[in-house]
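Just below is one structure, and these are the notes that go with it.
Worth knowing before you read on, the calculation uses all heavy atoms, side chains too, and leaves out hydrogens, waters and symmetry mates. Source: prediction; values computed, not measured. Just so you know, ligand 1 is whichever comes first in the structure, and atom 1 is the first atom listed for that ligand.
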Amino acid sequence: MFDLIVKNAALPDGRTGMDIACLHGKIAAVEAGITADTKESVDAGGYLVSPPFIDPHFHMDATLSLGTPRMNVSGTLLEGIALWGELKPVQTVDDIIERAMRYCDLALAKGIGAIRSHVDTCDDALKGVQALLEVRERVKDYIDLQLVAFPQDGVLRDPTALQNTIRALDLGVDVVGGIPHFERTMADGAESVRILCELAADRGLMVDMHCDESDDPHSRHIETLAYETQRLGLQGRVAGSHLTSMHSMDNYYVSKLIPLIAEAQVHAIPNPLINIMLQGRHDSYPKRRGQTRVRELRDAGILVGFGSDCVMDPWYSLGKADMLDVAFMGLHVGQLSSRADMAWCFDAVTETSASIMGLDGYGLSKGCDANFVLLQAQDTIEAIRLRAHRLKVFRKGVCVSRSDPLTYQITAAGRAARVDEAALG
Ligand code: FE2
């Protein structure tokens, strides 16, 4: 007797007509035509069942703060950082918790099962850290929230940042972050990478640094990050987020750099919505795209996961917790338009990002946690094309969010019909 069987599902690997049986919160079988007894049965109707969306890069302490205390007029990363500096002293722990909880509701509805959120440690009161540790606990039954200690103002540039970052880790923040391109000099940036990687190595933690989020082709802290990763034996536990300067680097240098990143097993986390919005702001025309070299990194065997970074905050005034929006933008900016490339973009917001975050029990195989999303789409490419509606979200075999199918009732004379976008193809 199973607890739940989801019948007639399409799976991300292309199989169709599959049944997923769940017992005690785990996937017990994935086969066609399961006939065993079950307490609950759900008909997927041939639609796609995917493991949850994973957001490997987010800022939950800033989310939904748009307009507080003012808007970002220039649209640049640097004005965003300045604006965040104005908000930090006036917001309370309760403000951050309230916004983060609202965001997690939205994320759950959109099928996100895990989020890696950076949390600013350049605050002597550690308000963001206090708030997000509380939120991590409150949402743990439906979202895995992994926190990164992020010295936003520079671990060397800000006089108390290192001490506060260590305090945050002592309080239970999971991952070590950094922002070498925001330090005062290239030398300080490299030194910050060394200090923070040593901190992670000493504590057995993962590293995820904002790295080279710039159009400056000479911003090459990813080289130092790869070097320190190897020196300290951190292979497979380090990610470089953004890496936008790589877009503008000389091809000859990149031909050396990418193999070094691959050799160190450093992962890459571009954030397509934010990169296309914030980069290239100093350009006239032609205007650079500012997304890192996704295809080349992937082809070198490097894990590349797409993150969302921001939703309605000082850096980005749009967003709706939809990782399919993120995949859609990454696909376009990276010109990843072949069938294989588009399917790969779906992996970049699901299983690849789960691997980067080191999540256990992720996937749609027997023995994995019974966490999955039923989408109103026939396959992964259609899911990206439509940014498909999430019909049901399951966590440990229990439905935790549901919605009616999205259809349109056409009322034009002579054309009365009900239209389902997912049936167009
Ligand atoms: Fe970020």
Within a reach of under 6.0 Å around CZ of Arg295, are more than 12 heavy atoms found that belong to other residues, nucleotides or ligands?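 Yes.
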Tell me, yes or no, whether the heavy-atom count around Lys287 atom NZ, taken from other residues, nucleotides or ligands under 6.0 Å, exceeds 12.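 It does: Lys287 NZ has more than 12 such atoms within range.
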Under the side chain to side chain donor-acceptor pair (under 3.5 Å) rule, collect the residues that match up with Glu191, sequence neighbours excluded.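 Here the qualifying residues are Arg194.
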The Fe ion (ligand 1) and [X]: any N/O/S contact shorter than 2.8 Å?
| X | value |
| --- | --- |
| His210 | yes |
| Glu213 | no |
| His118 | no |

Which of the N/O/S atoms in Asp309 sits closest to the Fe ion (ligand 1)?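 So the atom name we want here is OD1.
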Considering only N, O or S atoms of His57, the one closest to the Fe ion (ligand 1):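 The closest N, O or S atom of His57 to the Fe ion (ligand 1) is NE2.
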Do Asp170 and Arg203 meet the salt-bridge criterion of a basic N to acidic O distance under 4.0 Å?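 A salt bridge is present here (some side-chain N lies under 4.0 Å from a carboxylate O).
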Please table the atom pairs, donor to acceptor, closer than 3.5 Å between any side-chain atom in residues 297-314 and protein atoms at least two apart or in another chain.
from	atom 1	to	atom 2	distance (Å)
Arg298	NH1	Asp341	OD1	2.8
Arg298	NH2	Asp341	OD1	3.2
Ser308	OG	Asp55	OD2	2.4
Asp309	OD1	His57	NE2	3.1
Asp309	OD1	His59	NE2	3.1
Asp309	OD2	His242	NE2	3.3
Asp313	OD1	Trp315	N	2.9
Asp313	OD1	Tyr316	N	3.0

